[in-house]
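Okay, so here's the structure we're looking at.
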Amino acid sequence: MAASLNLRTMVVEVGPVGGKLHRIGALENVLGSWSTGPQLAEALSADLERLEKAGRCTVFQSLASRVSGHDDRAELALDDGRVLTAEFIVVATGVTDLAPADAEWITASAEFSAAPLWRATPQDLTGRTYVLGADRPLGTWLRAHPNVRTTLHVLCPPADAYKAAEVEADSRVRLVPISHAAITKPTYGGGWTVEVEGHDGTKTIYAATSVLNNLGNKPAAVAGLVSGEDGYCPADKQHRRIRIAGDLRAARYQRIATAQGSGAEAVLAYYYGTTLSGGSGSLRE
Ligand SMILES: Cc1cc2nc3c(=O)[nH]c(=O)nc-3n(C[C@H](O)[C@H](O)[C@H](O)COP(=O)(O)OP(=O)(O)OC[C@H]3O[C@@H](n4cnc5c(N)ncnc54)[C@H](O)[C@@H]3O)c2cc1C
(Lines give C-alpha, C1' and ligand atoms only; values in the text may rest on other atoms or scores of the structure.)
Protein backbone atom coordinates (compact mmCIF):
# COMPACT_ATOMS: atom_id res chain seq x y z
CA MET A 1 0.00 0.00 0.00
CA ALA A 2 2.79 2.44 0.93
CA ALA A 3 4.68 1.76 -2.30
CA SER A 4 1.49 2.18 -4.34
CA LEU A 5 1.15 5.69 -2.87
CA ASN A 6 4.72 6.48 -3.99
CA LEU A 7 5.92 6.78 -0.41
CA ARG A 8 9.61 5.90 0.02
CA THR A 9 9.17 2.60 1.76
CA MET A 10 11.44 0.25 3.68
CA VAL A 11 10.44 -3.14 5.11
CA VAL A 12 12.50 -4.34 8.09
CA GLU A 13 12.06 -8.10 8.54
CA VAL A 14 14.12 -10.46 10.67
CA GLY A 15 12.71 -13.73 9.32
CA PRO A 16 11.21 -15.05 6.11
CA VAL A 17 8.60 -12.79 4.46
CA GLY A 18 5.12 -13.95 5.45
CA GLY A 19 5.65 -14.52 9.18
CA LYS A 20 2.96 -16.82 10.62
CA LEU A 21 1.68 -17.72 7.15
CA HIS A 22 4.41 -20.36 7.02
CA ARG A 23 2.59 -22.28 9.77
CA ILE A 24 -0.83 -22.46 8.15
CA GLY A 25 -1.43 -25.86 6.63
CA ALA A 26 -5.01 -25.19 5.53
CA LEU A 27 -6.36 -21.77 4.61
CA GLU A 28 -9.95 -20.93 3.77
CA ASN A 29 -10.77 -17.42 4.97
CA VAL A 30 -8.60 -15.29 2.69
CA LEU A 31 -9.87 -14.15 -0.69
CA GLY A 32 -8.01 -15.61 -3.67
CA SER A 33 -7.22 -19.16 -4.48
CA TRP A 34 -4.90 -19.84 -1.55
CA SER A 35 -5.30 -23.18 0.12
CA THR A 36 -2.24 -22.93 2.41
CA GLY A 37 -0.37 -20.13 4.17
CA PRO A 38 3.00 -20.84 2.48
CA GLN A 39 1.38 -20.28 -0.94
CA LEU A 40 0.30 -16.80 0.13
CA ALA A 41 3.71 -16.14 1.75
CA GLU A 42 5.40 -17.01 -1.54
CA ALA A 43 3.15 -14.58 -3.39
CA LEU A 44 3.93 -11.81 -0.86
CA SER A 45 7.62 -12.47 -1.22
CA ALA A 46 7.35 -12.28 -5.04
CA ASP A 47 5.44 -8.98 -4.68
CA LEU A 48 8.18 -7.49 -2.52
CA GLU A 49 10.88 -8.64 -4.96
CA ARG A 50 8.98 -7.04 -7.82
CA LEU A 51 8.64 -3.76 -5.89
CA GLU A 52 12.32 -3.81 -4.93
CA LYS A 53 13.39 -4.36 -8.55
CA ALA A 54 11.18 -1.46 -9.60
CA GLY A 55 12.94 0.72 -7.00
CA ARG A 56 9.73 1.33 -5.06
CA CYS A 57 10.65 -0.39 -1.82
CA THR A 58 13.71 -1.63 0.07
CA VAL A 59 13.73 -4.81 2.14
CA PHE A 60 16.12 -4.88 5.08
CA GLN A 61 16.91 -8.20 6.82
CA SER A 62 17.36 -7.09 10.40
CA LEU A 63 15.98 -7.21 13.94
CA ALA A 64 14.29 -4.03 15.11
CA SER A 65 15.05 -3.35 18.77
CA ARG A 66 13.42 0.01 19.59
CA VAL A 67 11.09 2.57 18.04
CA SER A 68 10.67 6.17 19.11
CA GLY A 69 8.53 9.07 17.98
CA HIS A 70 9.75 12.68 17.95
CA ASP A 71 8.20 15.99 16.86
CA ASP A 72 9.91 15.94 13.47
CA ARG A 73 10.69 12.23 12.87
CA ALA A 74 10.35 8.65 13.98
CA GLU A 75 13.35 6.42 14.63
CA LEU A 76 13.89 2.70 14.41
CA ALA A 77 16.95 1.29 16.18
CA LEU A 78 18.26 -2.05 14.88
CA ASP A 79 20.02 -4.57 17.07
CA ASP A 80 23.32 -4.02 15.21
CA GLY A 81 23.34 -0.43 16.48
CA ARG A 82 22.14 1.29 13.30
CA VAL A 83 19.29 3.79 13.57
CA LEU A 84 16.86 4.38 10.70
CA THR A 85 14.95 7.63 10.48
CA ALA A 86 11.52 8.00 8.87
CA GLU A 87 8.52 10.27 8.90
CA PHE A 88 6.36 7.43 10.01
CA ILE A 89 6.70 3.81 11.16
CA VAL A 90 4.15 0.98 11.06
CA VAL A 91 5.00 -1.75 13.59
CA ALA A 92 3.55 -5.18 12.75
CA THR A 93 5.78 -7.59 14.65
CA GLY A 94 2.90 -9.92 15.57
CA VAL A 95 3.12 -12.39 18.42
CA THR A 96 5.59 -15.03 19.65
CA ASP A 97 4.90 -18.48 21.11
CA LEU A 98 4.07 -18.99 24.77
CA ALA A 99 6.03 -21.75 26.52
CA PRO A 100 4.54 -23.93 29.31
CA ALA A 101 6.59 -21.88 31.83
CA ASP A 102 4.65 -18.76 30.73
CA ALA A 103 1.24 -20.30 31.54
CA GLU A 104 0.04 -19.82 35.13
CA TRP A 105 -2.17 -22.91 34.93
CA ILE A 106 0.72 -25.30 34.22
CA THR A 107 3.44 -26.59 36.51
CA ALA A 108 5.96 -28.95 34.99
CA SER A 109 9.20 -30.65 35.95
CA ALA A 110 12.39 -29.04 34.66
CA GLU A 111 13.00 -31.61 31.91
CA PHE A 112 9.57 -31.07 30.34
CA SER A 113 9.29 -29.51 26.91
CA ALA A 114 6.40 -29.68 24.46
CA ALA A 115 6.77 -29.60 20.68
CA PRO A 116 4.33 -27.26 18.92
CA LEU A 117 1.06 -28.80 17.71
CA TRP A 118 1.15 -26.82 14.43
CA ARG A 119 4.33 -28.66 13.42
CA ALA A 120 3.12 -32.17 14.39
CA THR A 121 2.67 -34.71 11.59
CA PRO A 122 0.16 -37.58 11.84
CA GLN A 123 3.16 -39.92 12.44
CA ASP A 124 4.01 -37.94 15.59
CA LEU A 125 0.65 -38.85 17.12
CA THR A 126 1.28 -42.37 18.26
CA GLY A 127 -0.41 -43.38 21.50
CA ARG A 128 -2.31 -40.98 23.70
CA THR A 129 -1.73 -37.36 22.77
CA TYR A 130 -2.46 -34.43 25.09
CA VAL A 131 -2.56 -30.88 23.83
CA LEU A 132 -1.86 -27.92 26.11
CA GLY A 133 -4.42 -25.22 25.34
CA ALA A 134 -7.14 -24.74 22.74
CA ASP A 135 -5.61 -21.92 20.73
CA ARG A 136 -6.69 -21.50 17.10
CA PRO A 137 -3.92 -23.59 15.46
CA LEU A 138 -5.92 -26.58 16.73
CA GLY A 139 -8.70 -25.87 14.22
CA THR A 140 -6.16 -25.30 11.45
CA TRP A 141 -4.40 -28.56 12.28
CA LEU A 142 -7.66 -30.52 12.18
CA ARG A 143 -8.60 -28.99 8.81
CA ALA A 144 -5.14 -29.70 7.42
CA HIS A 145 -5.38 -33.38 8.46
CA PRO A 146 -8.98 -34.37 7.68
CA ASN A 147 -8.14 -38.10 7.50
CA VAL A 148 -6.32 -38.42 10.81
CA ARG A 149 -8.51 -40.35 13.28
CA THR A 150 -6.37 -39.93 16.42
CA THR A 151 -8.14 -38.38 19.42
CA LEU A 152 -6.53 -35.19 20.69
CA HIS A 153 -7.08 -34.72 24.43
CA VAL A 154 -7.10 -30.95 24.75
CA LEU A 155 -6.48 -29.42 28.19
CA CYS A 156 -8.59 -26.31 28.15
CA PRO A 157 -8.26 -23.58 30.82
CA PRO A 158 -11.22 -21.16 31.24
CA ALA A 159 -9.48 -18.44 29.19
CA ASP A 160 -9.44 -20.74 26.14
CA ALA A 161 -13.13 -21.70 26.32
CA TYR A 162 -14.19 -19.25 23.59
CA LYS A 163 -11.53 -20.64 21.24
CA ALA A 164 -12.52 -24.26 21.99
CA ALA A 165 -16.01 -23.53 20.68
CA GLU A 166 -14.52 -23.56 17.14
CA VAL A 167 -13.51 -27.24 17.40
CA GLU A 168 -15.88 -28.83 19.91
CA ALA A 169 -18.04 -30.40 17.17
CA ASP A 170 -15.04 -32.32 15.79
CA SER A 171 -15.26 -35.91 17.03
CA ARG A 172 -11.45 -36.17 17.10
CA VAL A 173 -11.24 -33.59 19.90
CA ARG A 174 -11.85 -34.44 23.54
CA LEU A 175 -11.94 -31.19 25.47
CA VAL A 176 -10.82 -31.47 29.10
CA PRO A 177 -11.87 -28.29 30.97
CA ILE A 178 -9.35 -27.71 33.73
CA SER A 179 -8.08 -25.10 36.15
CA HIS A 180 -4.58 -26.56 36.62
CA ALA A 181 -2.27 -29.19 35.12
CA ALA A 182 0.89 -30.67 36.65
CA ILE A 183 3.20 -32.53 34.27
CA THR A 184 5.91 -34.89 35.51
CA LYS A 185 8.02 -37.77 34.23
CA PRO A 186 6.64 -41.15 35.29
CA THR A 187 8.84 -43.29 37.53
CA TYR A 188 8.76 -46.11 34.98
CA GLY A 189 8.41 -45.98 31.18
CA GLY A 190 8.27 -43.08 28.74
CA GLY A 191 5.82 -40.31 28.11
CA TRP A 192 4.43 -37.97 30.76
CA THR A 193 2.13 -38.09 33.76
CA VAL A 194 -0.48 -35.35 33.56
CA GLU A 195 -2.41 -34.55 36.72
CA VAL A 196 -5.28 -32.20 36.06
CA GLU A 197 -7.56 -30.34 38.43
CA GLY A 198 -11.10 -29.75 37.22
CA HIS A 199 -13.15 -26.61 37.94
CA ASP A 200 -14.72 -28.36 40.96
CA GLY A 201 -11.30 -29.25 42.42
CA THR A 202 -11.45 -32.92 41.35
CA LYS A 203 -8.02 -34.29 40.46
CA THR A 204 -7.48 -36.87 37.69
CA ILE A 205 -4.22 -38.46 36.56
CA TYR A 206 -3.60 -39.36 32.92
CA ALA A 207 -0.70 -41.16 31.23
CA ALA A 208 0.28 -39.30 28.05
CA THR A 209 2.48 -40.68 25.29
CA SER A 210 3.11 -37.16 24.05
CA VAL A 211 2.19 -33.63 25.07
CA LEU A 212 2.03 -30.89 22.46
CA ASN A 213 2.13 -27.12 22.92
CA ASN A 214 -0.87 -25.17 21.66
CA LEU A 215 -0.83 -22.45 24.32
CA GLY A 216 -1.03 -19.53 21.98
CA ASN A 217 1.18 -16.55 22.01
CA LYS A 218 2.25 -13.27 23.54
CA PRO A 219 2.75 -9.94 21.81
CA ALA A 220 6.17 -9.37 20.22
CA ALA A 221 6.21 -5.71 21.27
CA VAL A 222 9.28 -3.73 20.26
CA ALA A 223 10.76 -1.52 23.01
CA GLY A 224 9.48 2.03 22.92
CA LEU A 225 5.86 1.12 22.18
CA VAL A 226 3.05 1.82 24.63
CA SER A 227 1.51 -1.48 25.75
CA GLY A 228 -1.48 -2.37 27.90
CA GLU A 229 -1.59 -4.77 30.87
CA ASP A 230 -1.87 -7.72 28.50
CA GLY A 231 1.26 -6.64 26.61
CA TYR A 232 -0.60 -5.73 23.40
CA CYS A 233 -0.03 -2.32 21.82
CA PRO A 234 -3.27 -0.44 21.09
CA ALA A 235 -2.97 1.59 17.90
CA ASP A 236 -4.55 4.72 19.44
CA LYS A 237 -2.10 4.90 22.37
CA GLN A 238 1.10 5.34 20.34
CA HIS A 239 3.04 8.43 19.31
CA ARG A 240 1.42 10.06 16.25
CA ARG A 241 4.32 8.96 14.05
CA ILE A 242 3.98 5.33 15.05
CA ARG A 243 1.13 3.01 14.05
CA ILE A 244 0.42 -0.60 14.95
CA ALA A 245 -0.97 -3.18 12.54
CA GLY A 246 -1.85 -6.87 12.63
CA ASP A 247 -1.72 -9.27 15.56
CA LEU A 248 0.27 -6.88 17.74
CA ARG A 249 -2.84 -4.73 18.26
CA ALA A 250 -4.92 -7.09 20.40
CA ALA A 251 -5.46 -10.74 21.34
CA ARG A 252 -8.64 -10.91 19.31
CA TYR A 253 -8.92 -9.94 15.63
CA GLN A 254 -5.81 -12.01 14.82
CA ARG A 255 -6.47 -12.94 11.21
CA ILE A 256 -4.69 -12.50 7.89
CA ALA A 257 -7.41 -10.27 6.43
CA THR A 258 -7.37 -7.96 9.47
CA ALA A 259 -3.56 -7.83 9.44
CA GLN A 260 -3.60 -6.78 5.78
CA GLY A 261 -6.46 -4.33 6.33
CA SER A 262 -4.99 -2.68 9.42
CA GLY A 263 -1.62 -2.32 7.70
CA ALA A 264 -3.23 -0.67 4.70
CA GLU A 265 -5.28 1.62 6.95
CA ALA A 266 -2.22 2.64 8.97
CA VAL A 267 -0.47 3.79 5.80
CA LEU A 268 -3.56 5.55 4.43
CA ALA A 269 -4.04 7.40 7.73
CA TYR A 270 -0.51 8.73 7.38
CA TYR A 271 -0.97 9.47 3.68
CA TYR A 272 -4.18 11.45 4.13
CA GLY A 273 -2.78 13.16 7.22
CA THR A 274 0.11 14.44 5.13
CA THR A 275 -1.92 15.41 2.09
CA LEU A 276 -4.91 17.12 3.74
CA SER A 277 -3.89 20.73 4.15
CA GLY A 278 -4.29 21.73 7.77
CA GLY A 279 -5.78 18.33 8.63
CA SER A 280 -5.60 17.54 12.31
CA GLY A 281 -3.66 14.34 11.57
CA SER A 282 -0.98 16.23 9.63
CA LEU A 283 2.53 14.95 10.25
CA ARG A 284 4.44 17.17 7.85
CA GLU A 285 4.90 20.66 9.23
C1 LIG B 1 -0.99 -22.13 13.14
C2 LIG B 1 -1.71 -20.87 12.75
C3 LIG B 1 -2.82 -20.96 11.95
C4 LIG B 1 -3.51 -19.81 11.58
N5 LIG B 1 -4.56 -19.92 10.71
C6 LIG B 1 -5.16 -18.82 10.23
C7 LIG B 1 -6.18 -18.91 9.24
O8 LIG B 1 -6.55 -20.00 8.79
N9 LIG B 1 -6.75 -17.75 8.80
C10 LIG B 1 -6.37 -16.52 9.28
O11 LIG B 1 -6.92 -15.51 8.83
N12 LIG B 1 -5.40 -16.41 10.21
C13 LIG B 1 -4.77 -17.51 10.69
N14 LIG B 1 -3.77 -17.40 11.62
C15 LIG B 1 -3.43 -16.05 12.12
C16 LIG B 1 -2.58 -15.28 11.09
O17 LIG B 1 -1.49 -16.06 10.72
C18 LIG B 1 -2.12 -13.97 11.72
O19 LIG B 1 -3.25 -13.26 12.19
C20 LIG B 1 -1.38 -13.08 10.72
O21 LIG B 1 -0.38 -13.81 10.03
C22 LIG B 1 -0.76 -11.93 11.48
O23 LIG B 1 0.05 -11.18 10.65
P24 LIG B 1 1.05 -10.12 11.30
O25 LIG B 1 1.72 -9.48 10.15
O26 LIG B 1 0.36 -9.28 12.30
O27 LIG B 1 2.12 -10.98 12.16
P28 LIG B 1 3.13 -12.14 11.72
O29 LIG B 1 2.60 -12.97 10.61
O30 LIG B 1 3.50 -12.82 13.00
O31 LIG B 1 4.38 -11.34 11.16
C32 LIG B 1 5.23 -10.62 12.01
C33 LIG B 1 6.56 -10.49 11.30
O34 LIG B 1 7.38 -9.60 12.04
C35 LIG B 1 8.70 -10.13 12.10
N36 LIG B 1 9.31 -9.61 13.33
C37 LIG B 1 8.91 -9.84 14.60
N38 LIG B 1 9.65 -9.14 15.47
C39 LIG B 1 10.54 -8.43 14.69
C40 LIG B 1 11.58 -7.49 14.99
N41 LIG B 1 11.84 -7.13 16.25
N42 LIG B 1 12.30 -6.98 13.97
C43 LIG B 1 12.04 -7.33 12.67
N44 LIG B 1 11.06 -8.20 12.33
C45 LIG B 1 10.33 -8.73 13.34
C46 LIG B 1 8.52 -11.64 12.13
O47 LIG B 1 9.68 -12.29 11.63
C48 LIG B 1 7.30 -11.83 11.21
O49 LIG B 1 7.67 -12.05 9.87
C50 LIG B 1 -3.08 -18.53 12.05
C51 LIG B 1 -1.96 -18.44 12.89
C52 LIG B 1 -1.29 -19.60 13.24
C53 LIG B 1 -0.07 -19.47 14.14
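Quick caveat, the model's predicted, so the values are computed rather than measured. Numbering of ligands and ligand atoms starts at 1, following listing order.
- Contact annotation for Ser65 and ligand 1: no heavy atom of the residue comes within less than 4.0 Å of the ligand.
- Heavy-atom contacts from other residues, nucleotides or ligands closer than 6.0 Å to CD of Glu104 number 12 or fewer.
- Taking only nitrogen or oxygen atoms, main chain and side chain alike, Asp247 reaches within less than 3.5 Å of ligand 1.
- Distance from atom 27 (O) of ligand 1 to its nearest protein heavy atom, with residue and atom name: Gly94 CA, 3.7 Å.
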Derivation of the side-chain contact (heavy atoms from CB on, under 4.5 Å) call for Leu78 and Leu63 = CA-CA 6 Å; Leu78 305 178; Leu63 179 74; over 6 Å; no
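- Around atom CZ of Arg8, no more than 12 heavy atoms belonging to other residues, nucleotides or ligands sit under 6.0 Å away.
- Note: an N/O pair closer than 3.5 Å links Arg255 and ligand 1 by distance alone.
- Looking only at heavy atoms of the protein, atom 43 (C) of ligand 1 is closest to Ser62 O, 3.4 Å.
- Contact between Ala92 and ligand 1 is present, with at least one heavy atom of the residue lying under 4.0 Å from the ligand.
- Interface atoms of ligand 1 facing Gln254, defined by a heavy-atom separation under 4.0 Å, are 15 (C), 19 (O).
- Both the backbone and the side chain of Ala64 come within 4.0 Å of ligand 1, counting heavy atoms alone.
- Here the protein heavy atom with the shortest distance to atom 37 (C) of ligand 1 is Thr93 O, 3.4 Å.
- Of the protein's non-hydrogen atoms, Val14 N, 3.3 Å is the one closest to atom 44 (N) of ligand 1.
- Annotation: Glu42, atom CD; neighbour count of heavy atoms from other residues, nucleotides and ligands within 6.0 Å does not exceed 12.
- Within 6.0 Å of CZ in Arg252 there are 12 or fewer heavy atoms belonging to other residues, nucleotides or ligands.
- Contacts between Asn29 and ligand 1 below 4.0 angstrom, taking non-hydrogen atoms only, involve the side chain exclusively.
- With respect to atom 3 (C) of ligand 1, the closest heavy atom belonging to the protein is Thr140 OG1, 3.4 Å.
- In this structure, of Val11, Val95, Leu63, the residue bringing a heavy atom nearest to atom 40 (C) of ligand 1 is Leu63.
- Of all protein heavy atoms, the one lying nearest to atom 14 (N) of ligand 1 is Ile24 CD1, 3.8 Å.
- Listed by number with element, the atoms of ligand 1 under 4.0 angstrom from any heavy atom of Leu27 are 7 (C), 8 (O), 9 (N).
- More than 12 heavy atoms of other shown residues, nucleotides or ligands fall within 6.0 angstrom of atom CD in Glu13.
- Checking Glu28, Lys20, Arg249, Arg136 against atom 15 (C) of ligand 1, the nearest heavy atom belongs to Arg136.
- Residue Ile256 places at least one N or O, backbone or side chain, under 3.5 Å from an N or O of ligand 1.
- Shortest contact from atom 31 (O) of ligand 1 to any protein heavy atom: Gly19 CA, 4.0 Å.
- Considering only heavy atoms from C-beta on, Ser65 stays 4.5 Å or farther from Val222 through its side chain.
- Taking 4.0 Å as the cut-off between side-chain N and carboxylate O, Glu75 and Arg73 count as a salt-bridged pair.
- Within ligand 1, counting atoms from 1 as listed, the ones closer than 4.0 Å to a heavy atom of Gly246 are 26 (O).
- Counting atoms of ligand 1 from 1 in the listed order, those under 4.0 Å from a heavy atom of Gly15 are 47 (O).
- With salt bridges taken as basic N to acidic carboxylate O contacts below 4.0 Å, one links Arg23 and Asp97.
- Residues Ile256 and Leu40 meet the side-chain proximity criterion, which asks for heavy atoms closer than 4.5 Å.
- Regarding atom 49 (O) of ligand 1, its nearest protein heavy-atom neighbour is Glu13 OE1, 2.7 Å.
- Exactly one of Tyr130, Phe112, Tyr206 qualifies for a ring-ring contact (aromatic ring centres under 6.0 Å, His included) with Trp192. That residue is Phe112.
- Between Arg143 and Glu28, at least one side-chain N (NZ, or NE/NH1/NH2) sits under 4.0 Å from a carboxylate O, which counts as a salt bridge.
- His153 and Thr151 share no side-chain donor-acceptor pair at under 3.5 Å.
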